[in-house]
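The structure under discussion appears below in the form of C-alpha cells.
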Amino acid sequence: MNVFKATLATGLICLSGSAAFAQPPAPDAQSLITPALIADMRQWIETDIVRISIGAQNDRLKKLPQDQIDALDQQWRAERESDDKPLIAATLSNPLSIYLTRLQGKSLGLYAEIFVMDQNGLNVGQSSITGDFWQGDEAKFQKTYDVSADALFIDEPEWDDSAKIWRGQVSFTVTDEGEPIGAVTMEVNLTELERRTAAGA
C-alpha cells in the first residue's frame, strides 16, 4: 500500500469512528413527553410517601432565610468532595430517596434521575447525588412551585456526552389537598424514550 492509500484508509477509519460517536440531532421533547407519560409521572409522585416526606421537612425547616439555605447548599457541595457526608447520607438513606431509587430502577432506563424539593427549593429525597442541595434558584422550581399548583415545566434537551444520550427534565408542582407543598424533577432519557416511541412500546 502506497503512502497515499495508507493515508486515505486512515482518514476513512477516523471518519467512520467519528460518525459512530457523533452527537445526533436533539429530539423534540415537547412531542415525546406526551400527556400520557406525564400522567404516569404524576401517578408515581402523587403518593403519600412523597406528600408526607415533603410535609415533614416543611414543618421541620419552615420558611428558611436565604443565609441558612445557602449554608445547607454549601455544606452539600463540600460533602461531595469529602469522605464525611452526614447531610448527603441522611438524605439518600431516607424512605423517600429509597422510593425514588426504586422508581428509577423500575423504569428500566427511562428515568435518569428523580429528586423532590420542599417549599424552600431544598431537596427532600433523590435517586442519586445531585450537584447541589438547593434548587430554588433554578427554572425547575421557579417555573413550578413559584407559579401555581398545576404548573408544569419541560426543559430543553441536553446532550450527555459521557453516556451518549439526550436528557430532558420534566418538573411539576407537588400538592397536598390542592395546596402547593414542593416540586419534583424527573429527568427523562430522551434517547430511550424516542426508541420506545418508535417501537410503539
Side-chain angles (χ1 to χ4, degrees), residues 29-30 32-77 87-88 90-104 106-107 110-158 167-188 190 193:
Q30 297 291 335
L32 283 172
I33 300 172
T34 62
L37 179 62
I38 293 170
D40 284 344
M41 291 178 176
R42 291 191 182 278
Q43 183 180 11
W44 287 113
I45 295 302
E46 291 173 354
T47 58
D48 285 344
I49 189 170
V50 175
R51 285 190 288 263
I52 290 171
S53 298
I54 296 176
Q57 183 157 308
N58 285 344
D59 289 342
R60 179 168 59 87
L61 298 181
K62 311 298 181 186
K63 278 287 189 179
L64 279 181
Q66 191 59 48
D67 61 332
Q68 293 184 34
I69 290 174
D70 291 342
L72 285 170
D73 195 48
Q74 289 166 10
Q75 178 183 347
W76 181 275
R77 292 169 185 264
L87 179 57
I88 290 176
T91 305
L92 289 180
S93 63
N94 71 32
L96 177 58
S97 291
I98 294 170
Y99 170 75
L100 297 176
T101 302
R102 288 176 177 170
L103 173 57
Q104 180 180 335
K106 289 173 66 174
S107 76
L110 183 59
Y111 299 131
E113 185 176 36
I114 308 168
F115 49 95
V116 169
M117 299 151 266
D118 68 6
Q119 62 185 351
N120 293 299
L122 293 167
N123 289 3
V124 182
Q126 54 206 88
S127 64
S128 58
I129 300 178
T130 49
D132 47 18
F133 190 52
W134 183 50
Q135 319 298 335
D137 59 340
E138 299 181 24
K140 59 177 68 71
F141 187 78
Q142 295 174 344
K143 293 188 176 183
T144 56
Y145 178 83
D146 285 349
V147 174
S148 68
D150 60 352
L152 171 73
F153 173 61
I154 301 175
D155 209 348
E156 292 297 319
E158 291 189 0
R167 296 170 179 253
Q169 291 189 338
V170 178
S171 304
F172 53 88
T173 307
V174 180
T175 63
D176 189 2
E177 297 183 352
E179 294 298 319
I181 58 172
V184 61
T185 292
M186 303 183 74
E187 187 165 278
V188 181
L190 293 174
L193 179 58

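Atom CD in Gln30 sits 7.0 Å away from atom CD in Glu156 (nearest 0.5 Å). Expressed to the nearest 0.5 Å, how far CD of Gln68 lies from CG of Leu122 amounts to 10.5 Å. One distance of note links CD of Gln104 with OG of Ser128; it measures 6.0 Å at 0.5 Å rounding. For the atom pair CD (Glu138) and OG1 (Thr185), the distance works out to 8.5 Å, reported to the nearest 0.5 Å. Taking CG of Leu87 as the reference point, atom CG of Leu92 lies at 9.0 Å (rounded to 0.5 Å). Atom CG in Leu103 sits 5.0 Å away from atom CE in Met186 (nearest 0.5 Å).
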- [ ] Let me see the working for Trp44 and Tyr99 under side-chain contact (heavy atoms from CB on, under 4.5 Å), right down to the final yes or no.
- [x] CA-CA 10 Å; Trp44 287 113; Tyr99 170 75; 3.8 Å; yes

TODO: May I have the step-by-step check of side-chain contact (heavy atoms from CB on, under 4.5 Å) for Thr101 and Ile98, ending in yes or no?
DONE: CA-CA 5 Å; Thr101 302; Ile98 294 170; 5.7 Å; no

Task: Verdict with reasoning, Leu110 to Val188, per side-chain contact (heavy atoms from CB on, under 4.5 Å) - done: CA-CA 6 Å; Leu110 183 59; Val188 181; 4.0 Å; yes

Task: Gln142 vs Phe153, side-chain contact (heavy atoms from CB on, under 4.5 Å): CA-CA, chis, key distance, verdict - done: CA-CA 10 Å; Gln142 295 174 344; Phe153 173 61; over 6 Å; no

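The side-chain heavy atoms of Thr91 and Gln126, taken from C-beta on, include a pair separated by under 4.5 Å. The shortest side-chain heavy-atom distance between Val170 and Leu37 does not fall under the 4.5 Å cut-off.
With hydrogens and angles ignored, the 3.5 Å screen pairs no side-chain donor or acceptor of Ser97 with any backbone N or O of Ser127. With hydrogens and angles disregarded, no donor-acceptor distance shorter than 3.5 Å links the side chain of Trp76 to the backbone of Trp134. Checking side-chain atoms of Asn120 against main-chain N and O of Gln66 turns up no donor-acceptor pair under 3.5 Å. Between the side chain of Thr173 and the main chain of Ser148, a donor-acceptor pair closer than 3.5 Å is present. No donor-acceptor pair under 3.5 Å is formed between the side chain of Thr175 and the backbone N or O of Ala149.
The nearest pair of heavy atoms linking Thr130 to Glu113 is CG2-OE2, 3.4 Å. Closest approach of Arg167 to Ala112, counting heavy atoms only: NH1-CB, 3.0 Å. Closest approach of Ala183 and Phe141 over heavy atoms only: CB-CD1, 4.2 Å. Here the closest heavy-atom approach between residue Asp73 and residue Asp132 is recorded as OD1-CB, 3.3 Å. Smallest separation of non-hydrogen atoms from Phe172 and Leu152: CB-CD1, 4.0 Å.
Taking a 6.0 Å sphere around CD of Glu158, one finds it holds 12 or fewer heavy atoms contributed by other residues, nucleotides or ligands. Dense packing is recorded around NZ of Lys63, with more than 12 heavy atoms of other residues, nucleotides or ligands lying under 6.0 Å away. By the neighbour-count criterion of 12 heavy atoms within 6.0 Å, atom NZ of Lys143 is sparsely surrounded, having that number or fewer from other residues, nucleotides or ligands.
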Cut-off 3.5 Å, no hydrogens considered: what does the side-chain donor-acceptor table look like for residues 51-59, sequence neighbours left out?
residue: Arg51; atom: NH2; partner: Asp48; partner atom: OD1; Å: 3.2
residue: Ser53; atom: OG; partner: Ile49; partner atom: O; Å: 2.6
residue: Gln57; atom: NE2; partner: Asp118; partner atom: OD2; Å: 2.9
residue: Gln57; atom: NE2; partner: Asn123; partner atom: O; Å: 3.0
residue: Asn58; atom: OD1; partner: Gln119; partner atom: N; Å: 3.0
residue: Asn58; atom: ND2; partner: Ile181; partner atom: O; Å: 3.0

